[in-house]
Amino acid sequence: MNTQPPATPPIAATPVRHEVSGLDLALVLTRHLKLVLGMPLLIGAVALGATYLITPSFTSSTQIMLPQQQQSGAAALLGSLGGLAGAAAGGALKNPADQWIGFLKSRTVQDAMIARFNLRERYEAEYQFQARNTLGGKTVVTAGKDGMINIDVTDHDPKAAADMANAYVDELQKLSKTLAVTEAAQRRVFFEGQLSDAKDKLVKAETALRASGVNQSVLKTNPEAAIAGVAQLKAQITATEVRISVLRGQMAPGNPELQLTLAELGSLRSQLAKAERADVGDDTNKAGAEYVARFREFKYYETLFELMARQYELARSDEAKDGALIQVVDTAPVPEWKSSPKRGMITVLSFMMALTFSVIYVLLREAARNAAQRDPLVAEKLARLKHAIQPWRRGSART
């Protein structure tokens, strides 16, 4: 009996993998060389031509040096603490230039610049905040590691750009004079307020003195001598009271020296009371007493004004020594060459972007065609897709 071997099942065909090499990609790109290079060249040329339609802008720069502040006593003490200084000065600015950059970007400086150059009309801004935003976009303030601050201003007019950059320094100078930036400046601001207050009170005291109704009898009064006499009696009474308190701690109540000192104190108090009520019953003397009181008040505020004036001048001198004046290292010149548009960069970037997209498009289209040739189902889907977008392509061609 002939036996036949069992039939073996058919082996499924494995799909053939097509590996894409660099040579294959080069062949595909070579076949579509006109599209790969022609489109980027066309777009680059269009971008280059469009740059000539853009109004050129010019940037002018100025450089300033920060005020050199002297180290105050508190700062010197913190410095001597070594590592503990970091914890004590944790809230201080890490970079002093940040404070001045904040001044330059403040609304006060921006509004001053807008008013100075009429920027609302120049920028065609309806509101003030729109002009501020435009000015902020055209201004770049940076601080270098060397302690310098650079101010860059961009405008379509090169002279206006230079004028605005230099004007920033002027407005910063004006603002710094109204702010207590340094320790000496803080003292100057304090004494400035005290001096103004003392001056106002001095004027009022002088006006009251002139309105005291001085006559010939009052003019015979010597207010300075009266004030000095009363002050001397009060000083003697205070000294005697201190002496008595010391004697009472050392002597018995009946000690002759203590009794003599008590009698002296009584005599001084009697003289003071007599001096204060002297000639009180006479109208002329009343007028003289009023004149003396007002004269005393006038002399007090006059002395106070002189003291505040001296302190104010000392504070101003210290502020000048602290170097609060902002120094200009480089004045902003009128730029000779435009800063934008950068035609070369725009052209190259446009060409490279178009080249990238054209290469991707060609490779994707070739991959789709190869897939359609190998798989009828993919070919059918591509045909449906092409049929679906055909009306849209016709409409775009008509427009």
Side-chain angles (χ1 to χ4, degrees), residues 64-78 92-93 96 99-100 102-103 106 108-109 112 169-215 218-239 272 275-276 287-328:
I64 61 176
M65 183 174 65
L66 293 177
Q68 302 298 319
Q69 301 182 10
Q70 294 180 354
Q71 191 178 30
S72 62
L77 179 59
L78 288 176
L93 290 175
Q99 184 182 51
W100 293 93
F103 291 161
S106 64
T108 302
V109 172
V169 182
D170 297 338
E171 297 302 332
L172 182 61
Q173 289 275 22
K174 295 177 183 178
L175 181 62
S176 64
K177 292 180 180 179
T178 62
L179 299 176
V181 180
T182 62
E183 182 182 353
Q186 294 174 3
R187 287 191 285 109
R188 187 260 304 167
V189 172
F190 171 76
F191 285 116
E192 187 176 4
Q194 295 295 319
L195 181 62
S196 177
D197 183 65
K199 182 179 180 181
D200 294 339
K201 293 181 179 179
L202 177 61
V203 172
K204 293 180 181 179
E206 185 179 1
T207 303
L209 179 63
R210 292 178 178 178
S212 60
V214 179
N215 52 32
V218 175
L219 289 176
K220 296 179 182 179
T221 305
N222 188 351
E224 294 183 0
I227 293 172
V230 173
Q232 185 177 4
L233 286 173
K234 289 183 177 181
Q236 290 177 359
I237 290 174
T238 302
L272 177 61
E276 288 179 344
E290 181 181 2
Y291 173 74
V292 169
R294 293 185 177 181
F295 180 79
R296 182 186 295 113
E297 183 180 11
F298 169 75
K299 292 298 293 183
Y300 170 76
Y301 286 116
E302 184 182 38
T303 304
L304 181 62
F305 177 79
E306 292 176 355
L307 290 174
M308 292 298 104
R310 283 198 291 268
Q311 293 295 330
Y312 174 69
E313 292 299 329
L314 288 175
R316 288 186 59 187
S317 177
D318 292 342
E319 184 180 14
K321 292 179 181 179
D322 283 349
L325 180 65
I326 299 172
Q327 302 181 59
V328 180

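The structure displayed is predicted, hence computed values, not measured ones. One-based numbering along the sequence shown.
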As an exercise, state the distance from CD of Glu306 to CG of Leu195, rounded to the nearest 0.5 Å.
11.0 Å
According to salt bridge (Lys or Arg N to Asp or Glu O under 4.0 Å), who are the partners of Lys201, at least two apart in sequence or on a separate chain?
Asp197
Apply salt bridge (Lys or Arg N to Asp or Glu O under 4.0 Å) to Asp200 and list each qualifying residue two or more places apart in sequence or on a separate chain.
none
Note: Phe103 and Val109 closest approach over all heavy atoms is O-CG2, 3.2 Å
By salt bridge (Lys or Arg N to Asp or Glu O under 4.0 Å) - contacts of Glu206 (at least two apart):
Arg210
Under the rule for side-chain hydrogen bond (donor to acceptor under 3.5 Å, both in side chains), what residues qualify as partners of Glu171, not counting sequence neighbours?
Arg116
Going from NZ on Lys174 to OG1 on Thr108, what distance comes out if it is rounded to the nearest 0.5 angstrom?
12.5 Å
Distance in Å, Leu175 CG paired with Asp170 CG, rounded so as to fall on 0.5 Å steps
12.5 Å
Would you please name every residue forming a side-chain hydrogen bond (donor to acceptor under 3.5 Å, both in side chains) with Glu302, sequence neighbours left out?
Lys299
Partner residues of Lys204 under the salt bridge (Lys or Arg N to Asp or Glu O under 4.0 Å) criterion, sequence neighbours left out:
none
Which value, rounded to the nearest 0.5 Å, describes the distance between Glu192 atom CD and Tyr312 atom OH?
4.0 Å
